[in-house]
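Okay, so here's the structure we're looking at.
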Amino acid sequence: MTAITTPPTPPPLPPPSVDGEVLATASAKPAKPAGRLGRFLRGRDEDPRWVRPALLGLLLGTAVLYLWDLGSSGWANSFYSAAVQAGTESWKAFFFGSSDASNFITVDKTPAALWVMEISARIFGVNAWSILVPQALEGVASVGLLYLAVRRWSGPVAGLIAGAVLALTPVATLMFRFNNPDALLVLLLIGAVYATMRAIERAAVRAGTRWLALAGLLIGFGFLTKMLQAFLIVPVLGLVYLVVAPTSVRRRIAQLLIALAALVVGAGWWVALAELWPAGSRPYIGGSQTNSVLDLVFGYNGLGRLNGDEAGSVVPGGGGAGSWGETGLLRLFNAEFGTQASWLLPAALILLVAVLGFTARAARTDRTRAAMLLWGGWLVVTGLVFSYMQGIIHPYYTVALAPAIGAVVGIGAVSVWRLRGEDAARAVLAVAMAATAIWAFVLVGRADWQSWLRWIVLAGGLAVAVGLAFTPRLARRLAVGLAALAILLGIAAPAAYAVQTASEPHSGAIPSAGPSGGFGGGPGGLGGRQGGGRFGAQQVPGGQVPGGQVPGGQVPGGPQGSGQLPWQQGRGNGSSGSPGTQGSPSPGPQGGFAMGGNRGGGSLLNGSTPSAELTALLAKDADRYRWIAATIGSNSAAGYQLATGDPVMAIGGFNGTDPTPTLAAFQAYVRAGEIHYFIAGGTGFGSSSSSGTSGQITQWVEENFTATTVDGVTVYDLTQSGSVPTEE
């Protein structure tokens, strides 16, 4: 068997055994074009003339896919859009990632992703395009950077395959058209891998240390984007560098320590400032139970995601193991996760194992093996964490797998293609193609959508798999055509899902890609595309319970064992889930929690959509108050804030479970005339329990102020006569 090997130093030209096959179908290179535009369109002199046009076509197509009709999603995730609006009004809100310009509470993440959108909104104004376009451009940049990283050691064909796979992964199309933090996280992680590759190349000189330090800084900034998820690839990058870098062990260890220091600086400067800042003059750290960034890092957004012990979670008490669905190796392939990113995952795993086997006897510094270890390590480690984490997890998290899948498929396919004269290599190509076709057939079959596609992909894929098994007997042009057809069939189904994803608006906190969805949403649902709604395995009126069950058999806000769901008993939650058709809210200490339901008043996962009459009421005399209104839960507050442009207090933060403000503090705000209205029907678990601060505030307001109904939403004027305790 012939081993796959690569030179110990970066070759000035792509491997001729890769590009030579394609060059056979093209004419000789033209003369070097004159002018900057000509050089830009032509690309590198050593590249075949089709490479640069293919790359530009990929980037242009990606931009069209990600930008087309982008404004149709409106505020998308209104939770983050409201924070962007706040950040354009207050630099303190900008720095901390506050939900409102009066700096009551932050979002439940570190704020780096918000900074990019807020800069855009400060320049172009607060609107859907200024918020979402930066996300789309981060997607285009991710595709381009992935191409550069993969082609560096594996040639332009592998780079183009990797970029195309990333661009057309349905969940990538979704998240690069949405305003969750994942878009920036993906770009930063790709950048960290690219910097590590450059460090490996220059390990023996000072430039290698600088590149490795840059990788650490990028991961540190990734932490400020989505916290501990950015650290999942750190062990992979460190171990691969320690093993393959062409310099002494002592130097490698010293360089890794420098990179670690850079990571700590990149991640820690903001954490240190937030922790050292006097708590009384900064917003409450949303998502924490102790007003501490460290609590957020290691609790709700950190280790709690792994073990399920998440105080303040959407599942009361965190829910514990199993509350967010079954764990195991097949999670990424199940009905909720499968259509998001797993289309080429079987092929990626097959190619990863094959290439590592073919390079088993290669030199320690072999570049092909190093590349597969970097990208394959990212894929395996992140995939295993997603498969077994017991805390909060959503299918859109799998966008973090898309770059690794694309890179492994691109590098693996090109590397094995070089060895197609070997029986084992042809078998790998055939099996990978067949697995891709069969898995696409299964995934498309899960949705009642374009069923013809699955049969074309299956029949064509299996036929190509047979052809790949006999490539040595085919003419060179025919073999290259067969390889191109394999690529097209491999990405056909996910590309169709990606286009479908881009053709529909998405909103809410838990979006999903493709027609079959994972967590659906929209009116009456749980976020995602407009309409529908699935949350976990068990479907229920108005939404679902995470994992299809409620820990301990008790529904939040409902009696033990009653079987009544919170959105069935809360104030103002009608059954239709459409604006203007909800049942009239009724005052009283009923608590209340909604995941679907009252669209006008919002829900746990969807922002409120106030009517013109209610918006006008809230905006009246707004400049006289620190907060024009207060309500339970960040999404309810977000819609009112975006409609009026004025701060709205999100009692209890995202889930309504953060212990802020206390009843005494809220009473003090009311006594000082800093809050105008209290809007009932807020959407948090905290409002369903009289023992929680949100529930205590709700009950106190209902008992001491007069309710007014405006377009089906219950409003209390806190400036009118009421039993407001005097300060002791």
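Rounding to the nearest 0.5 angstrom, the gap separating the CE atom in Met227 from the CG atom in Leu296 is 4.0 Å. Here the OG1 atom belonging to Thr110 is positioned 7.5 Å from the CG atom belonging to Asn301, to the nearest 0.5 angstrom. Atom CZ of Phe654 is separated from atom OG of Ser636 by 10.5 Å, given to the nearest 0.5 angstrom. Rounded to the nearest 0.5 Å, atoms CD (Glu138) and CE (Met117) are 7.5 Å apart. Rounded to the nearest 0.5 Å, atoms OH (Tyr300) and CZ (Arg305) are 5.5 Å apart. Atoms CD and OG1, from Gln696 and Thr662 in turn, are 8.5 Å apart once rounded to the nearest 0.5 Å.
Of the possible polar contacts, one joining the Thr106 side chain to the Gly286 backbone as a donor-acceptor pair under 3.5 Å is found. Of the possible polar contacts, none joining the Asp658 side chain to the Thr660 backbone as a donor-acceptor pair under 3.5 Å is found. The backbone N or O of Val293 lies less than 3.5 Å from a partner atom in the side chain of Glu275, making a donor-acceptor pair. Checking side-chain atoms of Asp100 against main-chain N and O of Ala650 turns up no donor-acceptor pair under 3.5 Å. A distance-only check finds no donor-acceptor pair linking the side chain of Thr501 to the backbone of Thr173 [under 3.5 Å]. Between the side chain of Trp439 and the main chain of Ser342, a donor-acceptor pair closer than 3.5 Å is present. Although no hydrogens or angles enter the test, the distance criterion places no donor-acceptor pair under 3.5 Å between the side chain of Arg331 and the main chain of Glu336. Here the side chain of Trp270 pairs no donor or acceptor atom with the backbone of Phe221 at under 3.5 angstrom. With hydrogens and angles ignored, the 3.5 Å screen pairs no side-chain donor or acceptor of Thr196 with any backbone N or O of Leu237. Looking only at distances, no side-chain donor or acceptor of Trp375 sits under 3.5 Å from a matching main-chain atom of Met372.
Leu273 has its side chain out of reach of Phe96: every pair of non-hydrogen atoms, C-beta onward, lies at least 4.5 Å apart. Side-chain contact between Ser512 and Tyr396 is absent, with no heavy-atom pair separated by less than 4.5 Å. Side-chain contact between Arg282 and Asn291: present, with at least one pair of heavy atoms (C-beta onward) separated by less than 4.5 Å. Using a 4.5 Å cut-off on side-chain heavy atoms (C-beta onward), Leu379 and Leu345 make contact. Looking at Leu260 and Val234, their side chains never come closer than 4.5 Å, going by heavy atoms from C-beta outward. Residues Val442 and Phe333 fail the side-chain proximity criterion, which asks for heavy atoms closer than 4.5 Å. The closest side-chain heavy-atom distance from Val381 to Ile233 is not below 4.5 Å. Counting only heavy atoms from C-beta outward, the side chains of Pro170 and Gln340 never approach each other to under 4.5 Å.
The minimum heavy-atom distance linking Ala76 with Leu132 is given by the pair CB-CD2, 4.0 Å. Taking each heavy atom of Pro659 and Ser288 in turn, the nearest pair found is CD-O, 4.0 Å. The shortest non-hydrogen separation linking Ile105 to Gly652 is CD1-C, 4.5 Å. Ala513 and Thr339 get closest at one heavy-atom pair: O-OG1, 4.3 Å. In this structure, Tyr497 and Val444 approach most closely via the heavy-atom pair OH-CA, 3.6 Å.
Checking each of Asn180, Asn179, Asn606 against Asn77 for a side-chain hydrogen bond (donor to acceptor under 3.5 Å, both in side chains) leaves exactly one that passes, namely Asn180. Each of Thr631, Thr693, Ile632 was scored for a side-chain contact (heavy atoms from CB on, under 4.5 Å) with Ile651, with one residue passing: Ile632.
Under the 30°/60° scheme for interplanar angles, the aromatic rings of His394 and Tyr397 are found to stand perpendicular.
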Test side-chain contact (heavy atoms from CB on, under 4.5 Å) applied to Ile190 and Leu166, step by step: CA-CA 11 Å; Ile190 296 173; Leu166 171 58; 4.1 Å; yes
